[in-house]
Amino acid sequence: MAITLGPNQYGKAEVRLVTVTRTGETHHLKDLTVSTALRGDLAATHLTGDNSDVVATDTQKNTVYAFAKQSPVGEIEDFALRLGRHFVSSFRQITGARVTIDEHGWDRIPVDGHPHDHAFSRGGEEKRTTVVTIDGDRSWVVSGLRDLVVLKSAGSEFHGFPRDEYTTLAETDDRILATAVTARWRYQGADIDWRTSFAEIRRILLETFATKHSLSLQQTLYAMGAAVLEERTEVAEIRLSMPNKHHFVVDLSPFGLTNDNEVFHAADRPYGLIEGTVLREEAEDCGSAWQ
Ligand SMILES: O=c1[nH]c(=O)c2[nH]c(=O)[nH]c2[nH]1
């Protein structure tokens, strides 16, 4: 039986990078988790341990920190593109790179009604994300967000599903709908105002969740993705992953009490996991953007 080396990549995972930029007395924070992964002709190290083509993961980490000093980090997509292109253009054997960045938010602490110059509080669990893939002289940008937790206490129904001997779920025309949105969207074209695009897509996702009357989380997912594609021409495709954070109406009848959708048990597991892609029918080749 012949054995051979299959696809491989290697890099430094989860480099924690915080930068402080000063404008006078005012400090600006960037708090990122950066992962780099390089691809190319790396057979020698795998097959014989010859490391002459291995750009050490320690070097990759150092490059992240040095680049953060040499010019402003800016938008995570630009920083990831700079890093990825550097590795591919600097080393003959490196033909591709994948740079993944999560951005953690910080809010200024209000003091006497004014945002403080250099004191911050963590802006919740939500993260802005990007994955940049470089393959030779081609590049793809897949950006997104994670852990955007949302809930609506009206405007959600779930009924009409098939019943068999294992079905116990009651039909409902009034339930809580809650989820933690993970969204990733693939950009088409270049010259994108990453910051505005992110803010607009996030707004569209939230507004659609709020306003779309829901007959299933699946319907809500599709509506959210379709609304992004309708409004944002720079997006070719969007993938959504939305856990159904079930809120069960507590049976208060043992206590002689009624429960008119007022008291819920917020279950954490198991949860329904609703996932889907919404794309343009004429979507062009996306190369290795997702793999
Ligand atoms: O919006 C929903 N979609 C489902 O597929 C499902 N299944 C379930 O038990 N509850 C729900 N809710």
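What you see below is based on every heavy atom in this structure, not just the backbone, and it leaves out hydrogens, waters and symmetry mates. Just follow the structure's listing: the first ligand is 1, and inside any ligand the first atom is 1.
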* Can we say R128 and E77 salt-bridge, meaning some charged N sits less than 4.0 Å from an Asp/Glu carboxylate O? -> yes
In ligand 1, the atoms that come under 4.0 Å of a heavy atom of Q218 are 1 (O), 2 (C), 3 (N), 4 (C), 5 (O)
(request) Output yes when E200 and R195 qualify as a salt bridge under the 4.0 Å nitrogen-oxygen rule, no when they do not. (result) no
Original post:
Is a donor on one side and an acceptor on the other found under 3.5 Å between the side chain of R85 and the backbone of I134?
Top reply: no
of all protein heavy atoms, closest to atom 1 (O) of ligand 1 is L217 N, 2.7 Å
Atom 4 (C) of ligand 1: closest protein heavy atom, distance to 0.1 Å, is F158 CZ, 3.4 Å
Under 4.0 Å from one or more heavy atoms of S216, ligand 1 contributes atoms 1 (O)
*Do the ring planes of Y187 and W185 sit parallel (below 30°), tilted (30 to 60°) or perpendicular (above 60°)?*
perpendicular
Can you find a pair of side-chain heavy atoms, one from V278 and one from E237, that are under 4.5 Å apart?
no
**Asked** Does an N or O from N244, backbone or side chain, lie closer than 3.5 Å to an N or O of ligand 1?
**Response** yes
task: Look only at interatomic distance and state if R175 has a nitrogen or oxygen under 3.5 Å from any nitrogen or oxygen of ligand 1.
output: yes
Exercise. Looking only at N/O atoms, are L169 and ligand 1 under 3.5 Å apart anywhere?
Worked result: no
| message | How about CG on D164, more than 12 heavy atoms from neighbouring residues, nucleotides or ligands closer than 6.0 Å, or not? | response | yes
